[in-house]
Structures are given as C-alpha cells and as structure tokens.
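Structure first, then comments.
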Amino acid sequence: MEFELSFIWAIIITFAVLCYVILDGFDLGIGILFPSAKSEQDKSVMMNTIAPVWDGNETWLVMAGGGLFAVFPLAYAVIMPALYMPIILMLLALIFRGVAFEYRWRTVRWKPVWDFSFFAGSVVAAFTQGISLGALVQGIEVVNRAYAGGWWDWLTPFSLFTGVAVVIGYGLLGSTWLIMKTEGELQSRMRGYAKGLAIATLGFIGVVSILTPFQDPAYFQRWFSLPGSIFSILVPVLVGLCTWLLFTGLKQCKEAQPFFASLGLFVLSFIGILISFYPNIVPPSLTITEAAAPDSSLKFALMGTVVLVPLILIYTAYAYWVFRGKVRPEDGYH
C-alpha cells in the first residue's frame with residue numbers, strides 16, 4: 001500500500017511540475033522576448049496577453065514544492081541543500097518579476113527600470129530552472145540519507161548548458177504564444193523569431209538527449225534495454241512529428257498550431273527525463289519509496305489533494321477560456 005500511495009503522489013507532483021513548465025514557460029518566455037518590443041504599445045500588448053493568468057500559472061510551482069516537502073520529505077531534505085543557490089535565485093527572480101509586472105503600469109519615470117526587472121527576472125528564473133534540472137540529471141550525492149556533496153556541485157558545464165537550453169525553449173513558447181494571441185506587425189515579428197528559436201531549441205534537445213544517457217550508467221541501461229528501448233524509438237518519432245507541425249504551422253501562418261507543437265516538444269522532453277529517473281526521485285540512488293513519508297501522512301495529504309487539484313484545473317481552464325482570443329492595444333487588461 002505504501003508503494004502504491006507513494007507512486008500516486010509521484011504522479012501528482014510530476015503532473016504539477018509539468019503543468020508549471022508548460023504554463024509558466026510561455027509566461028517567462030514573454031519576459032525573455034520583452035527587449036524585442038519596438039514600442040511601448042508592443043510591450044503593453046505582450047504583457048497583457050499573460051496579465052490575467054501569469055500569477056495563477058505559478059500555483060503549480062507552489063503545489064509541487066509544497067507536495068515534495070509534505071510527502072517526500074527525504075527528497076526535499078536532499079534536493080534543497082544541493083540546489084540552494086539556484087533555487088534561491090529563481091525565487092528572487094520570480095519575486096522581482098512579479099513586482100515589475102504590477103509596478104511598470106503605475107509609473108512613467110521608473111518604467112525602464114521595471115521593464116528591465118521583468119526581462120531580467122524572466123531570464124534568471126528560466127536559467128536557474130534549467131541549471132536545477134541539469135544538476136538533478138547529473139545526480140546528487142547521498143550518503144546515509146543526507147546530501148553529501150559540496151556547495152557548488154550544481155555548477156557544471158552540463159547544468160549551464162541545460163540552463164541556456166531552458167531559456168531558449170521558453171523563448172520559443174513565448175514567441176508562439178504571441179503568434180496565437182496577437183496580430184499585425186508584432187505577430188509577424190514573433191513568427192520570424194519562432195523559426196530561429198525552434199531550430200535552436202531542437203539543437204539543444206538533441207545535444208541534451210545525447211549527453212543524458214552518459215551522465216549515469218543507469219540512464220544508459222534504461223534507454224537501451226527493454227522496455228526503455230521502445231521509448232528510445234517512439235520519442236524521437238513523436239519529436240519529429242511535433243517538429244513538422246511546428247514548422248508547417250509557421251510556414252502556413254497558422255496561429256495555434258506552432259504553440260501546441262512547441263508544448264509537445266516540452267512534454268516529450270519531460271517524458272524522456274522521467275524515463276531516465278524512474279524509479280528514483282533523486283537520482284542516482286534515492287527511490288520514490290525510500291523518500292516517501294509514512295503511509296498515514298500520504299493518506300491524509302491525498303484526501304485534500306484529490307479535491308484541490310480538480311478545483312485548480314477547473315479554475316485554470318475557466319480563466320484561459322474567459323480571456324481567450326486576440327489581445328489588441330485598445331483592449332488592455334490594465
């Protein structure tokens with residue numbers, strides 16, 4: 001029963017992380033692309049495309065972090081000291097970004113400062129998320145159920161590479177989101193940016209996919225022996241399909257297709273990471289079962305979660321439905 005509950009909770013937390021990546025990814029991508037705006041009107045339109053939903057997107061980050069602390073306390077106790085620096089930088093960046101989002105509408109003289117804060121906060125948040133991912137893929141040293149590595153173990157060429165990859169990937173999500181939500185010259189410009197960002201993102205995905213199996217012998221075994229070898233064939237095929245949908249959508253000036261194709265690339269990359277990790281929650285040695293809280297705690301937390309998660313999903317879907325359609329300069333949210 002304990003394994004079953006811990007497995008259910010692993011699925012819930014994984015789902016929360018995936019929701020955060022695909023929702024806040026394009027949100028951060030808007031900030032990454034913010035300096036490309038050629039006028040104050042473009043900046044306002046770009047921010048207004050996410051104004052109704054940006055804070056709700058981050059709900060999933062809170063849920064994932066809180067869930068990890070509550071139901072996998074050992075994993076939380078290992079991951080936090082291993083990644084203190086990038087996680088703290090990420091949280092500070094998200095705070096400055098959130099403050100800038102609201103304050104830039106309330107001032108004229110300080111608007112350039114808050115514009116830069118919005119851009120810098122988005123880049124730093126995305127970069128540190130990528131670094132944290134790279135550090136996890138490399139593996140965290142655990143001895144006697146405690147973190148045994150150093151303060152700077154997270155800082156490696158591989159983690160820096162994944163950090164840049166996430167920034168570029170979020171930029172792709174942001175550009176395709178703006179293609180779907182805007183029109184005119186801004187939309188055309190974003191379509192041009194999306195082509196370059198798509199090529200760069202695919203390049204990063206390819207390099208990371210090649211390097212990941214060599215980060216730990218267990219990854220190599222999972223990917224190149226049954227049943228993992230099935231996914232080794234299936235995932236590249238699906239990536240190819242998403243790539244075709246992305247570029248044909250851009251070429252044919254379709255509006256929604258490039259965005260959803262870009263999301264597909266992120267989902268497939270996420271699945272690839274899960275295949276590498278399973279059954280570990282902290283690679284290479286801490287499994288889901290070992291890190292789980294007592295069975296009674298898992299049951300108690302699950303009772304509230306089965307109510308909370310559907311409510312969040314309903315609210316999120318409703319918010320996106322209400323604010324669907326194009327954003328125009330005269331229809332500003334603020």
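Along the sequence shown, residues carry numbers from 1. All figures in this text were calculated on a predicted structure; none of them were measured in a lab.
The distance from atom CH2 of Trp177 to atom OG1 of Thr182, rounded to the nearest 0.5 Å, is 11.0 Å. Between Leu33 atom CG and Met46 atom CE the span is 5.5 Å, to the nearest 0.5 Å. Here the CG atom belonging to Leu18 is positioned 8.0 Å from the CG atom belonging to Leu274, to the nearest 0.5 angstrom. Taking CG from Leu298 and OG1 from Thr305, the interatomic distance works out to 10.5 Å, rounded to the nearest 0.5 Å. Rounding to the nearest 0.5 angstrom, the gap separating the OH atom in Tyr193 from the CG atom in Leu197 is 9.5 Å. Considering CZ of Phe260 and CD1 of Ile22, their distance stands at 9.5 Å, rounded to 0.5 Å.
Enclosure of atom CZ in Phe116 is not indicated, since only 12 or fewer non-hydrogen atoms of other residues, nucleotides or ligands lie within 6.0 angstrom. In Tyr103, the OH atom is not crowded: 12 or fewer heavy atoms of neighbouring residues, nucleotides or ligands sit closer than 6.0 Å. Around the OH atom of Tyr20, the shell of radius 6.0 Å holds more than 12 heavy atoms that belong to other residues, nucleotides or ligands. For Trp151, the CH2 atom counts as densely surrounded, since its 6.0 Å shell holds more than 12 non-hydrogen atoms of other residues, nucleotides or ligands.
Cluster membership check: Trp244 does not share its hydrophobic cluster with Val267, using side-chain heavy-atom separations under 4.5 Å among Ile, Leu, Val, Met, Phe, Trp and Tyr. Met190 and Leu245 fall into different hydrophobic clusters, defined by Ile, Leu, Val, Met, Phe, Trp and Tyr side-chain heavy atoms under 4.5 Å apart, directly or through other members. Note on Val53 and Leu311: same hydrophobic cluster, where clusters join Ile, Leu, Val, Met, Phe, Trp and Tyr whose side-chain heavy atoms are under 4.5 Å apart, directly or indirectly. Transitive grouping of hydrophobic side chains (ILVMFWY, heavy atoms separated by less than 4.5 Å) brings Phe72 and Phe7 into a common cluster. Connection of Leu241 to Leu250 is not established within any shared hydrophobic cluster, with ILVMFWY side chains joined at heavy-atom distances below 4.5 Å, either directly or through further cluster members.
At a threshold of 4.5 Å between non-hydrogen side-chain atoms, the residues Leu202 and Leu265 count as touching. The shortest distance between side-chain heavy atoms of Phe266 and Ser269 does not fall below 4.5 Å. Here the side chains of Leu211 and Phe158 are in contact, with some heavy-atom distance below 4.5 Å. The shortest side-chain heavy-atom distance between Ile199 and Phe247 falls under the 4.5 Å cut-off. Counting heavy atoms from C-beta on, the side chains of Ile281 and Ile13 never come closer than 4.5 Å. In this structure the side chain of Leu263 never reaches within 4.5 angstrom of the side chain of Thr176, judged on heavy atoms. Residues Ile88 and Met80 form no side-chain contact, since every pair of their non-hydrogen atoms from C-beta on lies 4.5 Å or further apart. Using a 4.5 Å heavy-atom threshold, the side chains of Leu61 and Asp24 count as separate.
Partner of Phe34 under the ring pair (Phe, Tyr, Trp, His ring centres under 6.0 Å) criterion, chosen from Phe101, Trp114, Phe118: Phe118. With respect to Trp154, the side chain to side chain contact (heavy atoms under 4.5 Å, CB included) criterion is satisfied by exactly one of Ile140, Leu83, Ile87: Leu83.
Under a 3.5 Å cut-off, the side chain of Ser117 and the backbone N or O of Val113 do form a donor-acceptor pair. No side-chain donor-acceptor contact under 3.5 Å links Ser6 to the backbone of Thr289. Remark: side-chain polar atoms of Glu290 are paired, donor with acceptor, to backbone N or O of Thr287 under 3.5 angstrom. Put simply, the side chain of Arg97 never gets that close to the backbone of Leu94: no donor and acceptor are under 3.5 Å apart.
Between Lys326 and Glu255 there is a salt bridge, since at least one side-chain N of the basic residue sits less than 4.0 Å from a carboxylate O of the acidic one. Using a cut-off of 4.0 Å between Lys/Arg side-chain N and Asp/Glu carboxylate O, Lys111 and Asp115 are scored as not salt-bridged.
Using modelled atom types and a 3.5 Å distance limit, the side chains of Gln138 and Thr156 yield a donor-acceptor pair. One side chain, Gln257 or Thr248, offers a donor N or O that lies under 3.5 Å from an acceptor on the other.
The shortest non-hydrogen separation linking Val166 to Ala126 is CG1-O, 3.4 Å. Residue Gly169 comes nearest to Thr201 through the heavy atom pair CA-OG1, 3.6 Å, listed as atom of the first residue, atom of the second, then distance. Closest approach of Leu68 to Ala75, counting heavy atoms only: CD1-CB, 4.1 Å. Here the closest heavy-atom approach between residue Gly134 and residue Thr162 is recorded as CA-OG1, 3.3 Å. For Pro86 against Ile131, the heavy-atom pair with the smallest separation is CB-CG2, 4.3 Å. The heavy-atom pair separating Gly31 from Pro35 by the smallest distance is O-CD, 3.9 Å.
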### Message
Under the criterion side chain to side chain contact (heavy atoms under 4.5 Å, CB included), I'd like the reasoning laid out for Phe127 against Val164: C-alpha separation, chi angles, the key distance, then a yes or no.
### Response
CA-CA 6 Å; Phe127 186 60; Val164 175; 3.9 Å; yes

### Task
Show the numbers, then the answer: is there a side chain to side chain contact (heavy atoms under 4.5 Å, CB included) between Tyr315 and Thr59?
CA-CA 11 Å; Tyr315 170 79; Thr59 301; over 6 Å; no

### Query
Going through the distances and angles, do Thr14 and Phe270 end up as a side chain to side chain contact (heavy atoms under 4.5 Å, CB included)?
CA-CA 9 Å; Thr14 299; Phe270 192 80; 3.4 Å; yes

### Message
Using side chain to side chain contact (heavy atoms under 4.5 Å, CB included), reason through Phe15 and Leu313 one step at a time and then give a plain yes or no.
### Response
CA-CA 11 Å; Phe15 176 73; Leu313 286 171; 3.9 Å; yes

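Between Phe26 and Tyr320, the ring-plane angle classifies as perpendicular under the 30° and 60° cut-offs.
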